[in-house]
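On a predicted model such as this, the values are computed, not experimentally measured, just so you know. When reading the values below, keep in mind they use all heavy atoms of this one structure, side chains included, and skip hydrogens, waters and symmetry mates. Residue numbering restarts at 1 for every chain, and letters A, B, ... go by the order of the sequence lines.
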There are 2 protein chains.
Amino acid sequence: MSTVCKAIDLLGWLSEQRAEIGLAEFQRLTGRDKATTYRYLCALEESGLLEQNPDSRAYRMGPAVLRLAHVRETTVPRRAGAEQVLMQLADATSELAHASILQGSTLIPLADHCSTRHSARVVLSEPELPLHATASGLAVLAYADPALVKMAEKKIKRYTDNTTISKKALHEKLQSVRDIGFGVADQSYEEGVYGIGVPLFDPSNAVAGAVAVASVATRINEQKIIAIKQELIAAARLITHSWGGVVPDALDHLWCSSSTSLSSESNSLRESMA
Amino acid sequence: MSTVCKAIDLLGWLSEQRAEIGLAEFQRLTGRDKATTYRYLCALEESGLLEQNPDSRAYRMGPAVLRLAHVRETTVPRRAGAEQVLMQLADATSELAHASILQGSTLIPLADHCSTRHSARVVLSEPELPLHATASGLAVLAYADPALVKMAEKKIKRYTDNTTISKKALHEKLQSVRDIGFGVADQSYEEGVYGIGVPLFDPSNAVAGAVAVASVATRINEQKIIAIKQELIAAARLITHSWGGVVPDALDHLWCSSSTSLSSESNSLRESMA
DNA sequence: ACGTACTGTTTCATTAAATGAACCGATGTT
DNA sequence: AACATCGGTTCATTTAATGAAACAGTACGT
């Protein structure tokens with residue numbers, strides 16, 4: 001590992017909870033020599049990535065990161081971070097992969113990609129994804145602020161025979177999403193379409209959107225679902241990462257344990273990262 | 001200069017205008033060896049501070065900066081970046097120094113600090129600073145979106161005999177602010193108070209607030225004004241920097257040329273930076 | 001088909017920079 | 001007074017960064 005990486009890694013110890021870290025604490029955290037750590041801190045401070053609290057002499061995040069983040073936000077649209085992941089996801093699952101973004105209380109399609117393998121396939125042409133009826137929507141609601149669930153309740157509407165239309169049923173559904181870590185929509189939005197979705201997160205650890213795979217319902221089976229979930233986990237990790245977010249611990253554990261029980265083969269996304 | 005700094009400095013070449021930079025271009029920009037530059041880029045990419053556009057193979061800002069910026073935003077309030085600068089500013093000028101922050105269309109006091117040297121001094125206790133009547137407000141308006149000026153026009157109100165109350169006079173006043181680089185309020189808000197202010201900027205290069213010095217009008221004179229302006233420039237640079245912003249070129253040149261014509265002595269803020 | 005410019009590697013001798021143990025001075029605690 | 005902890009510094013040693021060169025592969029235009 002290069003010196004540069006070792007130094008930059010110090011920044012990773014700072015968080016919302018741990019706003020400031022002193023020299024001695026950094027030393028303990030990293031296990032590195034004190035003088036070395038000190039020089040790293042000085043270098044980072046010189047670059048503006050860190051700054052020293054003049055009172056406590058501890059180090060906190062510096063102003064330079066604000067400029068860098070602004071450049072990132074204005075030059076790299078969230079769409080870009082999702083698109084090629086979706087391509088791989090669509091390829092790996094041979095289905096329609098799509099990502100959506102939560103803007104206020106509406107879930108808006110951001111990008112999608114369709115495998116060319118099947119002649120019969122799902123196409124996406126909605127301006128908005130209903131939160132209570134789609135896999136993406138359920139994935140979002142399950143990890144969103146309770147206020148958003150309230151909003152979604154008000155907009156409940158029947159789309160198919162399978163659509164969840166009672167508040168109680170919706171809450172049970174959301175609890176099951178939290179239990180298994182996936183949102184599932186078995187023809188609850190469109191007849192003949194089976195969707196599996198997972199939430200995406202932003203830097204504030206809030207839900208920012210979802211990524212999902214929509215299949216033709218007659219083509220789905222248990223084995224296929226397992227494979228799709230596996231790919232979805234990898235895709236969600238990549239997109240969340242590209243958006244500067246982190247997968248919450250609870251969900252992360254859920255995903256980890258499910259992937260061990262799932263087949264460890266044919267994860268094209270994970271392979272492509274190496 | 002440490003390796004760490006040299007590597008991190010590469011990030012500084014990326015901007016809103018220059019979203020992506022390739023290896024060869026980085027090499028030209030920095031004048032460093034190609035292999036070295038390449039190793040830097042790899043290290044930054046490994047840290048997530050950079051990412052490579054898979055299409056163009058050029059490097060762009062990475063997702064990690066979003067997380068870092070979020071930590072900065074949530075753990076270091078803007079107030080913290082202003083406070084000690086204000087202390088020094090108040091000390092150096094022996095007057096009341098205050099910073100304000102633009103929230104929507106209202107300019108709200110953020111922090112202030114008062115020199116203890118004089119017994120007669122200005123105190124600040126307003127919940128809001130009128131844009132058309134205060135030095136801070138004029139400084140903000142002069143560099144703000146025209147829409148904000150329109151809003152300010154609607155809220156024009158007389159405070160003293162010196163208050164600018166016509167739109168035409170306000171526009172002329174704003175032009176003079178742009179010409180000299182300072183907002184001046186000679187008893188236009190409060191009788192007996194002479195204010196000089198300059199705007200502050202955020203990472204998007206938009207006006208984010210102002211920093212100003214308010215003096216007892218009878219104590220002010222040409223030499224004192226020169227000294228205050230000098231100190232204000234330094235203070236505004238520091239606070240803007242702490243907020244992740246940059247002083248716009250036009251204003252920067254204005255300040256540079258004025259500071260050469262001003263006395264180069266007794267700039268306590270600049271000295272304290274070294 | 002050819003030349004050119006680009007990215008991305010690797011090799012290797014040279015050199016500059018990173019390293020870590022010990023130390024300093026200040027502050028605070030028992 | 002003794003001791004611990006903290007931020008920061010020093011310096012001989014060593015390790016890692018450096019840069020020149022060479023090479024592979026790709027894309028573009030003549």
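- Atom NZ of K6(B) and atom P of dA17(D) are 11 Å apart (whole Å).
- Residue contacts shown for F26(B) are absent, as no nucleic acid heavy atom lies under 4.0 Å away.
- Atom OH in Y40(B) sits about 11 Å away from atom C1' in dG19(D), given to the nearest Å.
- Closest contact between the side chain of R39(B) and the listed nucleotides dT10(D), dA17(D), dG19(D) involves dG19(D).
- Distance N53(B) CG to dG8(C) P: 11 Å, rounded to the nearest Å.
- Atom CG of D33(A) and atom C1' of dT9(D) are 12 Å apart (whole Å).
- Projected onto DNA chain D by closest heavy-atom contact, L23(A) and T36(B) fall at different nucleotides, the more 5' of which corresponds to L23(A).
- The listed nucleotides are dC6(D), dG8(C), dA21(C); the one nearest the side chain of A24(A) is dC6(D).
- One interatomic measurement links the two molecules: CZ of R32(A) to C1' of dA21(C), which rounds to 17 Å at whole-angstrom precision.
- You won't find any donor-acceptor pair under 3.5 Å spanning the side chain of R57(A) and the base of dG8(D), going by distance alone.
- The side chain of Q52(B) has dT7(C) as its nearest neighbour among dT7(C), dG19(D), dT19(C).
- Taking the side chain of S2(B) as heavy atoms from C-beta on, and the options dG8(C), dG8(D), dA18(C), the nearest nucleotide is dA18(C).
- Going from atom NE2 of H70(A) over to atom OG1 of T75(A) covers 9.5 Å, rounded to the nearest 0.5 Å.
- Residues H98(B) and C114(B) have side chains not in contact (no heavy-atom distance under 4.5 Å, counting atoms from C-beta outward).
- Protein atom CG of L44(A) is 15 Å distant from nucleotide atom C1' of dA18(C), rounded to whole Å.
- Taking 4.5 Å as the limit, some side-chain heavy atom of R72(B) sits within range of a side-chain heavy atom of E51(A).
- For K34(B), counting side-chain heavy atoms from C-beta on, the closest listed nucleotide (dT7(C), dT9(D), dA16(D)) is dT7(C).
- With E25(B) as reference, R18(B) is the one residue of R18(B), R57(B), K34(B) to meet the salt bridge (charged side-chain N to carboxylate O under 4.0 Å, His left out) rule.
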Show your reasoning for whether side chain to side chain contact (heavy atoms under 4.5 Å, CB included) applies to I21(B) and Y59(B).
-> CA-CA 5 Å; I21(B) 301 182; Y59(B) 299 84; 5.8 Å; no
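- Going from atom CG of L10(B) over to atom C1' of dA17(D) covers 15 Å, rounded to whole Å.
- Here the nucleotide nearest the side chain of Y38(B), chosen from dG8(D), dG8(C), dA21(C), is dG8(C).
- Of the candidates dG19(D), dA18(C), dT10(D), dA18(C) carries the atom nearest the T3(A) side chain, counting heavy atoms from C-beta on.
- When rounded to the nearest whole Å, the span between CD of Q27(B) and P of dT7(C) equals 8 Å.
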